Structure formats: C-alpha cells, structure tokens
Amino acid sequence: MTLTSPHLGSSEAWTDARLLYALEEVVEKELNRHLKIYKDWMPHEYVPWSDGRNFPGFFEDGEEWELGQSKVSDIGRIALVVNLLTEDNLPSYHHEIATLFGRDGAWGTWVHRWTAEEGKHGIVMRDYLLTSRAVDPDKLEQFRMAHMSEGFESDNRHSMLHSVAYVAFQELATRISHRNTGHHSGDPVCDRMLARIALDENLHMIFYRNLLGAAFELAPDLTMQAVRDVVVGFRMPGHGMPGFERAAAQMAIGEIYNMRIHHDDVLQPVLRFLKVLEIDGLGPDGLKAQEELGLYMGGLDAEARKFDERLAARRARMEARGR
C-alpha cells in the first residue's frame, strides 16, 4: 500500500486526501478483481415484453391500469416501488461519490463503472413494472418526480471513511431488500430479475467491504469510529422518498427488511468478516468506539427479539382469524 510511513500512523495525519491516495492501490486491485468475475447481462432479457400493452394518453387503444392486472403480491408492489425509487436517484448518488472519491485514476474508473452497473438496475426494474403492469404507472411517475426533485444528500458526505463504511453495509442491505422482495413478490419473473440485480449488489458490497478492511489496516482508530457512527446512525438511501416511513413499516411486517434482517443479514456479516469487534491495539478513541459499537449491536439484537415476538404474535392473530 502507499503512504505507510510511520509519521502517518496517528489519527491526526490521516486527511481524506491522504487516505484516498493511500487506498488507490487497493481500489485498483479490487476493481480488477471485480471486472474479472463480473458476468455481463442484458436488462432487456429479463423483461416479459409479450405481456406489454398500451396505456391511455397518446394511444387511443390505451388500457387503464387496474390492480387486478398485477401478478405481484401487495407487499411486493410496495417494496418494488421503494426499491425502484431508490435506484432512480442514481444521478445524485453518482454526484456524491464522484465528488468525494474523484474522477481520476482507479477511484474514478470505479465510480463510473459502479454507476453504469447500477443504471442497469433501474432500467430493468422500470421496464418490468410497466410491461407487466405490476404497479400503478401514474403514481410511480409522480413518486419518481417528487423523490428526484428532492435530490439526495448523504449523511456521511463529510468523511471519506464514513462514506466507505456506509456503502459497505448499504450495498448488502440493498441486496437483501431486492432478494427478499423477489421471494415475496409472487411472480417468478420478478424473482428472477431481482435475483440478478442482487448479484451485482453483492459484488459492490465485497468491493467496499474489502476497501474498508484495508482502511482498518491503515487507520484503525479513525475507521473504527467511522464504522461506529455509520452503524448507529444507519439509514437506507431511500429515506427521503414520499411515504417512506409507512412503506418501511409494511416491508418490516412483510419480512422484506426489518430490524432482525438488518442485524443478522446486513450488519453482522460485515462486522464478522472484518472481525471488527476483535481488533486489538487500538488507541483510546478507537477502543471507545469499538466498545460502543459492541453495546449498540447487543441493544439492537434485543430490540430485534422484541420485534420478532410482536411479529409472531401478529401472525398468530391473523391465522386465528383465518387470514
């Protein structure tokens, strides 16, 4: 790695610029690994085009959308809209990471490659939803306009380390959300499409997770503090979209994404892989952050258990009512 001389060992020495430069070789290595294992795919191959027909407006034979036309479950429709609106904000995400990571060298190559891959996700999801008439197209477009008009501002734009830590978890969270949406959609075509998207998201997670591991080697105290802050304050990137809180609550009940899933399938795998809670040799600030992270994870697990109990009780009530 670059810039590993002793005078850069203290937390005070690690500016964002120095960290970006020091991690450039790691980014190049991870980029090459990613390109080698990435299997290209065509969004149009996952869309049931033969199901498509005109909507009203320009076409005189256009057919109004009705709920009965959708093959997707109730929770599937809710989650699909949230997932697509999240993908729709790609221009803002690109602006954020291009500003933070830069457009030159390996960093810039990764920024543009990631953006191109993420673009496929929005393309295939929108084509599927409109062609299969899975959701109300008018409401979908109204939500898109409202959401994108607000833009997106990352909670972690103040720090390169915080941003790397965030995406290491967020990419996995997105993968899990897409995968569970597919499983609960009730449509095998939708399930297959979202499974393909999830493969990309997993590769993105691996890229950032490995980059985060390299940051721990360079600046363990600062990286530990960044991980602590990100985990404690984690929010999905779609939190600003219209009706997000209600949709998120429904997705939690529908077991698309909830506290238990967040703890077990998103936070724990990354923390465990990097052995974050086992890192030793930390300074006072790093050690404090590690302890606080451990306490938070314990508290989150306890809250998730309570949620599990409430969910099980709700399920039992609904079964008793014959629903």
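Throughout, numbering of the chain's residues begins at 1 and tracks the sequence. Everything numeric here is computed off the predicted structure, so don't read it as measured data. Note: hydrogens, waters and symmetry copies are ignored here, and every other heavy atom, side chains too, is used.
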> Relative to the ring of H262, is the ring of Y257 parallel (under 30°), tilted (30 to 60°) or perpendicular (over 60°)?
Replying inline: tilted

> Do E30 and R33 meet the salt-bridge criterion of a basic N to acidic O distance under 4.0 Å?
Replying inline: yes

> Looking only at heavy atoms, what is the nearest atom pair of P269 and D264, with distance?
Replying inline: CD-O, 3.3 Å

> Would you call K306-E303 a salt bridge at under 4.0 Å N-O?
Replying inline: yes

> side-chain hydrogen bond (donor to acceptor under 3.5 Å, both in side chains) between H121 and E201: does it pass, once the steps are laid out?
Replying inline: CA-CA 10 Å; H121 305 166; E201 302 292 6; 3.2 Å; yes

>> Both conditions, 6.0 Å and 45 degrees, for the charged tip of R113 above the ring of Y38: are they met here?
In response: yes

>> Does any part of the side chain of R18, heavy atoms only, come nearer than 4.5 Å to the side chain of T15, both counted from C-beta?
In response: yes

>> I'd like to know if E309 and R314 make a salt bridge, using a cut-off of under 4.0 Å between side-chain N and carboxylate O.
In response: no

>> Strictly below 4.0 Å, N to O, side chains only: are D61 and R53 in salt-bridge contact?
In response: no

> Is it true that E292 and K288 make a salt bridge, defined as a side-chain N closer than 4.0 Å to a carboxylate O?
Replying inline: yes

>> Is a donor from one side chain sitting under 3.5 angstrom from an acceptor on the other, for W114 and E171?
In response: yes

>> Taking the basic N atoms (NZ, or NE/NH1/NH2) and the acidic carboxylate oxygens, is any pair closer than 4.0 Å for R175 and D200?
In response: no

>> Working note: S92 + E96, criterion side-chain hydrogen bond (donor to acceptor under 3.5 Å, both in side chains); need CA distance, chi angles, decisive distance, verdict.
In response: CA-CA 6 Å; S92 286; E96 290 277 323; over 6 Å; no

> Would D265 and R179 pass as an ion pair if we require N to O under 4.0 Å?
Replying inline: no

> How about N83 and M251: do any of their side-chain heavy atoms sit closer than 4.5 Å?
Replying inline: yes

> Can you check whether F234 and Y166 have ring centres sitting under 6.0 Å from each other?
Replying inline: yes

> Got R157 and H162 here, is their nearest side-chain heavy-atom distance under 4.5 Å?
Replying inline: no

> If you round to the nearest 0.5 Å, how far is OG of S185 from CG of D74?
Replying inline: 12.5 Å

> Is it true that K71 and D187 make a salt bridge, defined as a side-chain N closer than 4.0 Å to a carboxylate O?
Replying inline: no

>> If you define the side chain from C-beta out and look only at heavy atoms, does anything of N156 sit under 4.5 Å from V164?
In response: no

> What about the rings of W110 and Y208, do their centers lie closer together than 6.0 Å?
Replying inline: yes

